[in-house]
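This chain uses plain numbering: 1 for the first residue, then up along the sequence.
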Amino acid sequence: QVQLVESGGGLVQAGGSLRLFCAVSGRTFSSYAMGWFRQVPGKEREFVAAISQSGGSTYYADSVKGRFTISRDNIKNTVYLQMSSLKSEDTAVYYCAARYSGNFANTPSAYPYWGQGTQVTVSS
């Protein structure tokens, strides 16, 4: 069983930066591809970024490309999302997700394990 716990969310002004953390339990963290998604009330969960098991490959939604960076530390069992140049439209609950596979994916249904989410609010 894999458990994910996000942290690092909060209130930030537009143009600012924030770093999200996702701590993952279990001894096989390096076997999981990881993803970040976000969701606002009334809308479907939206893909943000994903990273391969080794961290050697990353994939981003067009809306965040060049502003967000996903990374992971397979010793600390943690995945990060560095967010810069934040916009009001980035306001959402951000979720971390895990997938036991060598390939990452950009659809929520591909990820069986999820954290509880952390709120990010960007004020304009």
Side-chain angles (χ1 to χ4, degrees):
Q1 188 70 15
V2 177
Q3 292 185 325
L4 295 78
V5 179
E6 301 97 334
S7 61
L11 174 64
V12 63
Q13 289 189 332
S17 299
L18 208 57
R19 194 183 198 196
L20 303 184
F21 302 80
C22 176
V24 182
S25 66
R27 292 176 291 179
T28 59
F29 174 66
S30 59
S31 298
Y32 292 85
M34 302 296 298
W36 284 98
F37 291 77
R38 64 188 182 187
Q39 189 170 23
V40 298
K43 292 191 175 182
E44 293 186 352
R45 197 162 293 190
E46 173 190 29
F47 171 75
V48 175
I51 190 166
S52 61
Q53 295 167 318
S54 68
S57 298
T58 56
Y59 180 46
Y60 296 93
D62 288 342
S63 59
V64 306
K65 201 172 294 182
R67 299 189 298 121
F68 291 11
T69 302
I70 187 172
S71 60
R72 65 189 296 162
D73 185 330
N74 285 351
I75 301 299
K76 296 182 178 180
N77 283 18
T78 302
V79 62
Y80 308 94
L81 186 67
Q82 178 67 47
M83 305 185 294
S84 302
S85 302
L86 284 161
K87 306 174 182 179
S88 57
E89 51 262 45
D90 294 319
T91 294
V93 176
Y94 282 72
Y95 296 91
C96 176
R99 182 170 188 263
Y100 190 78
S101 167
N103 299 318
F104 44 71
N106 63 356
T107 55
S109 60
Y111 292 82
Y113 305 105
W114 291 84
Q116 83 289 348
T118 185
Q119 176 71 46
V120 171
T121 303
V122 183
S123 63
S124 57

Glu6 (side chain) donor-acceptor with Gly117 (main chain) under 3.5 angstrom:
yes

Is there side-chain contact between Met34 and Leu4, with heavy atoms separated by less than 4.5 Å?
yes

Considering all heavy atoms of both residues, which atom of Ser17 and which atom of Ser85 are nearest to each other, and what is their separation?
OG-N, 4.4 Å

Within a 6.0 Å radius of atom CD on Gln3, are there more than 12 heavy atoms belonging to other residues, nucleotides or ligands?
no

Quick check against the 3.5 Å criterion: does Gln39 have a side-chain atom that pairs as donor or acceptor with the backbone of Ala92?
no

For Cys96 and Val79, work out which heavy atoms get closest and say how close.
SG-CG1, 3.6 Å

What about the rings of Tyr100 and Tyr113, do their centers lie closer together than 6.0 Å?
no

Sidechain-backbone polar pair: Arg72 side chain, Phe29 backbone, donor-acceptor under 3.5 Å
yes

Short question: side chain of Thr91, backbone of Val122 - any donor-acceptor pair under 3.5 Å?
yes

Are any side-chain N or O atoms of Gln53 and backbone N or O atoms of Ser31, one a donor and one an acceptor, separated by less than 3.5 Å?
yes

Check: Asp73 and Tyr80 side chains under 4.5 Å, non-hydrogen atoms:
yes

Can you confirm whether Met83 sits close enough to Val64 that some side-chain heavy atom of one is under 4.5 Å from a side-chain heavy atom of the other?
no

Say whether Leu20 and Val12 are linked into one hydrophobic cluster, either directly or through other cluster members, by side-chain heavy-atom distances under 4.5 angstrom.
yes

Nearest heavy-atom contact between Ala98 and Pro112 is O-CD, 3.3 Å

Are more than 12 heavy atoms, taken from residues, nucleotides or ligands other than Lys43, located less than 6.0 Å from that residue's NZ atom?
no

Minimum side-chain heavy-atom gap Glu46-Ser63 below 4.5 Å:
yes

Atom CD of Glu89 and atom OG of Ser124: how far apart are they, to the nearest 0.5 Å?
9.5 Å

Run the salt-bridge test on Lys87 and Asp90 with the 4.0 Å N-O cut-off and return the result as yes or no.
no

Nearest heavy-atom contact between Leu11 and Ser123 is CD1-CB, 4.2 Å

Side-chain (Tyr60) to main-chain (Ile70) donor-acceptor, under 3.5 angstrom:
yes

Sort out for me which residue in Trp114, Phe104, Tyr95, Tyr94 forms a ring-ring contact (aromatic ring centres under 6.0 Å, His included) with Phe37.
Trp114

Hydrogens and angles aside, do Tyr111 and Arg99 bring a side-chain donor and acceptor to less than 3.5 Å of each other?
no

How far apart are the closest heavy atoms of Gly8 and Leu18, and which atoms are they?
O-CG, 3.6 Å

Any side-chain heavy-atom pair from Phe68 and Trp36 closer than 4.5 angstrom?
no

